[in-house]
Amino acid sequence: MKTTSTLPFMLCGLGGMMLPLSLSAKKKQKEQKPNIIFIMCDDMGYGDLGCYGQPFIHTPNIDRMAEEGMRFTQAYAGSPVSAPSRACLMTGQHSGHTVVRGNKEYWINGPTVRYGVNDEYAVTGQHPYDPEHAILPEIMKQNGYTTGMFGKWAGGYEGSVSTPDKRGIDEYYGYICQFQAHAYYPNFLNSYSRAKGDTAVTRELLTENIKYGMMGKDYEKRTQYSADMIHQKAMEWIDSQDGSQPFFGIFTYTLPHAELFQPEDSILNAYKKEFFWDRTWGGQNGSRYHESTHVHAQFAAMITRLDTYVGQILAKLKEKGIDENTIVFFTSDNGPHEEGGADPAFFGRDGKLRGLKRQCYEGGIRIPFIARWPKHIEAGQTNDHQLAFYDVMPTLCDLAGIHNFQKKYLNAQLDGDCFDGISFSPTLLGNDNQQTAHEWLYWEFHETNQIALRMGDWKLVVINGKTHLYDLASDIHEDYDIASAHPEIVSKMIDIVLQQHRDSPDFKVTLPSKE
């Protein structure tokens, strides 16, 4: 296959507390605001990068990014699946508070339209973010940043109250719907450009792709490869920045999410030679995941392709002379998947952690997290500060000199509105002694009926209402349930769970009992 690209302040537990800016951050306010690029890939496990111990997959650019910046060892996604994890990032709320807590779809059993030889859903996308609660790009835009997002949205279906054009994004290109992103050679992508006078997100038909069917062998004749197209748009957007205002880019690449399908190029062919004993997978029609004859090579090549993208971004920043004052983050939305034929065990993808995507064990939520900012972050650091996606909002606001954002953006008219994050800018700027730590971190996920709470090294996992306790200091793989030996710890952690969970009619979980 070819590619075409070359109010009153409300606390939500400890996480909602307001923190003073670090001394370094206060000093920075008098300087130029930093440019910010937040790169989030899809379904990459904690152990999928060389800098996190991956022996088989080549990631020289991301590894170098870690060498030139700070690598976190105890960073967590917002949820063990895509849409709610992204919601925690965007809203600054944990998954017991944010409105989007699962991958609720809006296209199922809906009307269809005809594109070429294909029937396609007329409306696609997921549950929308609450329009009354401020999200990250809105805050950045209102404070002087031009904003761009390229990749997966998953924060509201097409035409809903929450699409990029309505939520502070100046330039968008990618997949509004994450189900659509199951196909790397789709019928269409979504786009929006405020600069071009667009009034709403629209569909951009991929005219070469729609000549051929979505399923079967004809699919292999498609040439418009979405991952490259999205990356090209992101690169063009960076290149268009003229320095008149700082920029905030959210690059939500779909790699290495299934399907395991990509161009037959040097990256893929190199891994085919390396994994000459590779296995096949027969496909799954309803998921849009096509058959794959080299699943290990396909998966490894997807990560190396993503690594190439990261290298090109860093090179472009240097070329434009803005590398020093641009902070770049790299992370994943949740733990590793086994969809589309992927084989996490082969690559040791859980990084010695238990669990996969959709699970609240460490393997489903602990993720790679790297920050690089030559001007302010000392190179070559490894840090064990515990952070979660809902900490990103206060951190970026801190770094951008946005004072007291919680007071400014909390909606007094919205019942229970809150932010749960703690800025980790002191850690980034080398001021660990000024860093406030979380008393606990919280997750819940209705699809597998799981809740998790980390309190120091204690980890409570609740499955179907039953509690399990682990000591991560001595049992990182969560093999030994010691709940019966520490009833007082379990009781304390259950109290926090019951305090933090708010009932949701769309995403229900079974709460633990103290009996």
Side-chain angles (χ1 to χ4, degrees), residues 3-6 28 31-41 49-51 58-71 137 140-141 144-151 169-174 191 193-196 225-255 263 265-267 301-331 368-381 396 399-400 428-429:
T3 173
T4 59
S5 72
T6 70
K28 267 178 47 55
E31 303 175 7
Q32 179 184 358
K33 289 186 176 184
N35 305 308
I36 303 168
I37 295 178
F38 194 90
I39 305 170
M40 179 166 62
C41 66
L49 299 170
C51 57
H58 309 296
T59 55
N61 295 297
I62 299 174
D63 295 348
R64 185 172 68 252
M65 181 179 168
E67 292 171 1
E68 295 174 349
M70 183 177 291
R71 180 178 68 90
M140 300 304 285
K141 180 170 175 56
Y145 280 76
T146 184
T147 58
M149 185 170 182
F150 304 89
I169 303 294
D170 292 319
E171 191 86 16
Y172 176 78
Y173 191 81
S191 65
S193 174
R194 192 182 306 274
K196 294 179 181 179
Y225 178 56
S226 64
D228 276 356
M229 297 176 72
I230 290 167
H231 176 59
Q232 287 170 1
K233 290 289 187 180
M235 292 294 289
E236 291 170 6
W237 181 78
I238 295 174
D239 209 31
S240 71
Q241 302 308 312
D242 60 7
S244 61
Q245 64 183 126
F247 60 82
F248 174 46
I250 310 172
F251 298 175
T252 51
Y253 293 123
T254 52
L255 299 169
D265 61 8
S266 59
I267 297 176
M302 292 169 86
I303 290 186
T304 297
R305 190 178 305 280
L306 174 67
D307 180 79
T308 302
Y309 294 168
V310 173
Q312 291 173 352
I313 290 168
L314 297 178
K316 175 59 69 175
L317 295 175
K318 288 185 178 180
E319 174 192 317
K320 290 183 67 64
I322 55 177
D323 176 63
E324 288 291 310
N325 198 40
T326 302
I327 181 168
V328 181
F329 295 90
F330 179 89
T331 191
F369 197 97
I370 301 167
R372 177 188 181 274
W373 190 11
K375 191 174 182 179
H376 291 285
I377 296 178
E378 183 180 348
Q381 296 185 75
L396 298 192
L399 296 175
L428 290 173
L429 298 173

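Reckoned from all heavy atoms, side chains included, excluding hydrogens, waters and symmetry mates. Since this is a predicted model, take the numbers as computed values, not measurements.
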Could you tell me which non-hydrogen atom of [X] sits nearest to which non-hydrogen atom of [Y], and how far apart they are?
{"X": "H58", "Y": "P60", "value": "C-CD, 3.4 Å"}
{"X": "P137", "Y": "I169", "value": "CB-CD1, 3.5 Å"}
{"X": "G144", "Y": "P246", "value": "O-CD, 3.5 Å"}
{"X": "A234", "Y": "Y253", "value": "CB-OH, 4.0 Å"}

Using modelled atom types only, decide if a donor and an acceptor are shared between the side chain of [X] and the backbone of [Y] within a distance under 3.5 Å.
{"X": "Y309", "Y": "T304", "value": "no"}
{"X": "S193", "Y": "K196", "value": "yes"}
{"X": "D170", "Y": "T147", "value": "yes"}

*Find out whether the Lys NZ or Arg CZ of K233 is both under 6.0 angstrom from the six-membered ring centre of Y173 and within 45° of the ring's axis.*
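Yes, cation above the ring, under 6.0 Å and within 45°.
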*Determine the interplanar angle of the W237 and F150 rings, folded into 0 to 90°, and report it as parallel if under 30°, tilted if 30 to 60°, perpendicular if over 60°.*
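Correct class here is tilted.
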_Show me the pairs that pass salt bridge (Lys or Arg N to Asp or Glu O under 4.0 Å) and involve residues 245-255, at least two apart or across chains._
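Pairs touching residues 245-255 that pass the test: none.
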*Apply side-chain contact (heavy atoms from CB on, under 4.5 Å) to K316 and list each qualifying residue two or more places apart in sequence or on a separate chain.*
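Testing K316 for side-chain contact (heavy atoms from CB on, under 4.5 Å), a comparison that skips the adjacent residues, returns M235, I238, D239, E319, K320.
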From [X] atom [atom1] to [Y] atom [atom2], the distance as rounded to the nearest 0.5 Å:
{"X": "Q381", "Y": "M70", "atom1": "CD", "atom2": "CE", "answer": "3.5 Å"}
{"X": "L314", "Y": "R372", "atom1": "CG", "atom2": "CZ", "answer": "5.0 Å"}
{"X": "L396", "Y": "I36", "atom1": "CG", "atom2": "CD1", "answer": "4.5 Å"}
{"X": "T326", "Y": "W373", "atom1": "OG1", "atom2": "CH2", "answer": "9.5 Å"}

*Is there a side chain to side chain contact (heavy atoms under 4.5 Å, CB included) between R305 and Y225 once you walk through the steps?*
CA-CA 12 Å; R305 190 178 305 280; Y225 178 56; 3.6 Å; yes
_Heavy atoms from other residues, nucleotides or ligands near CD of E378 exceed 12 (cutoff 6.0 Å)_ = no
*Could you tell me whether D307 and R64 make a salt bridge, using a distance below 4.0 angstrom between a side-chain N and a carboxylate O?*
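Not counted as a salt bridge, because no side-chain N and carboxylate O are separated by less than 4.0 Å.
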*Full working for side-chain hydrogen bond (donor to acceptor under 3.5 Å, both in side chains) between Y145 and N35*: CA-CA 8 Å; Y145 280 76; N35 305 308; over 6 Å; no
*Is there side-chain contact between L399 and L429, with heavy atoms separated by less than 4.5 Å?*
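Yes, their side chains come closer than 4.5 Å.
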